[in-house]
Amino acid sequence: PRREASVDYLVVAGGGGGAGGFGSYRGGGGGGAGGLLSSFCTPSSALEIGLGSHTITVGGGGAAGGSAAAGTTGGPSTISSITSCGGGGGGAGVNPGCTAGLAGGSGGGGGGGSAPNAGGAGVCGQGNSGGSGDQAPGPQVGGGGGGAGAVGTNAPASGCSTQAGGAGSANSITGSSVTYSAGGDGSNCSASAGGDNTGNGGDGNERGSCTATGNAGGSGIVVARAPGSGITLSASPGTNTVSFTPSPDPAGFDQVASFT
């Protein structure tokens with residue numbers, strides 16, 4: 001008979017890349033956060049997984065958009081039957097026309113432009129939609145990328161300020177609370193990349209006063225947690241780790257395998 005173990009999981013995909021802006025008026029949308037799925041302290045059931053070796057996939061962050069170019073979508077992350085979708089790239093600030101945010105685990109923010117520029121849709125249960133870009137006369141800014149905890153901010157009808165990405169979601173599967181999968185800001189002159197193993201979206205570029213390119217999305221992470229008694233978790237190659245955290249299990253601890 002097949003031997004199985006019950007394993008809690010956190011599966012975070014790569015965040016989408018932030019978009020580039022154009023000229024002095026049109027800013028890029030923020031990248032959407034990588035999709036987030038977890039059974040730890042959530043209504044979702046733990047994963048029943050067969051004993052033996054398993055291939056884990058960790059999604060890379062989406063590339064930044066160059067001048068007047070959209071960001072790219074992040075890569076998916078997978079453990080067994082659980083797959084989270086990469087965050088959508090931010091829509092570019094262009095002239096004429098518009099670039100909408102791309103769909104993903106969370107959607108990218110729409111770029112600033114001369115026509116309607118919606119944020120990308122998020123995947124239900126994994127993230128939220130990106131905010132829309134601004135098409136008003138004058139400075140046109142990009143919307144914030146969607147996050148696991150909230151939608152991205154819509155750009156106002158008039159204005160030139162940074163549009164915040166959607167909030168991420170905190171998870172304590174490793175034994176410490178860490179926030180993952182926040183959306184990238186739209187039109188941020190102090191823009192930054194998503195960060196390693198966060199699933200965060202990259203910030204979109206502001207406008208002509210800043211560099212034209214956006215910022216890359218953050219790579220994802222996969223975490224598996226099992227009781228200290230009954231089975232033994234291992235992780236390879238060397239960049240992946242197994243740690244231990246106190247728990248009510250008879251062994252007094254749980255095993256936590258992190259894949260980056």
Tell me, please, which residues at least two apart from S132 pass side chain to side chain donor-acceptor pair (under 3.5 Å).
N154
Mind checking what makes side chain to side chain donor-acceptor pair (under 3.5 Å) contact with T83, not counting sequence neighbours?
T78
What's the shortest heavy-atom distance between [X] and [Y], and which atoms?
X	Y	answer
A33	G147	CB-CA, 3.9 Å
A13	G75	CB-O, 3.4 Å
G122	S129	N-OG, 3.6 Å
G133	A155	C-CB, 3.9 Å
S39	S45	CB-O, 3.4 Å
A92	A70	CB-N, 3.5 Å

Between S192 and N215, do the side chains contain a donor N or O and an acceptor N or O under 3.5 Å apart?
no
What's the separation between atom OG1 in T42 and atom CG in D8, rounded to the nearest 0.5 Å?
8.0 Å
Audit row: N128, S106, side chain to side chain donor-acceptor pair (under 3.5 Å) steps and yes/no:
CA-CA 5 Å; N128 291 281; S106 282; 5.2 Å; no
Min side-chain heavy-atom separation [X]-[Y] under 4.5 Å:
X	Y	result
E48	S80	no
Q255	P227	no
I79	L47	yes
I49	E4	no
S172	S177	yes

Decide yes or no on side chain to side chain contact (heavy atoms under 4.5 Å, CB included) for S187 and T162, but give the supporting numbers first.
CA-CA 5 Å; S187 296; T162 296; 5.7 Å; no
Tell me who clusters with L10, hydrophobic residues only, linked when side chains sit under 4.5 Å apart either directly or through other members.
V12, L36, F40, I173, V178, Y180, I221, V223, V256
Qualifying salt bridge (Lys or Arg N to Asp or Glu O under 4.0 Å) pairs with a residue from [range], counting only residues at least two apart or across chains:
range	result
residues 166-195	none
residues 54-69	none
residues 162-176	none
residues 230-257	R225-D254

With A167, which residues qualify under side-chain contact (heavy atoms from CB on, under 4.5 Å), at least two apart?
A150
How would you list all residue pairs meeting ring pair (Phe, Tyr, Trp, His ring centres under 6.0 Å) that involve residues 237-256, not counting sequence neighbours?
F244-F253
Under 3.5 Å donor-acceptor, [X] side chain and [Y] backbone:
X	Y	value
N200	G195	no
N117	G111	yes
Q126	C85	yes
N197	G220	yes

Pairs flagged by side chain to side chain donor-acceptor pair (under 3.5 Å) wherever residues 64-77 is involved - sequence neighbours left out
none
Would you give me the side-chain donor-acceptor pairs under 3.5 Å for residues 230-241, sequence neighbours excluded?
from : atom 1 : to   : atom 2 : distance (Å)
N240 : OD1    : T260 : N      : 2.8
N240 : ND2    : S236 : O      : 3.1

Taking ring-ring contact (aromatic ring centres under 6.0 Å, His included) as the definition, give me every residue that meets it alongside F259, ordered by chain and number, with sequence neighbours left out.
none
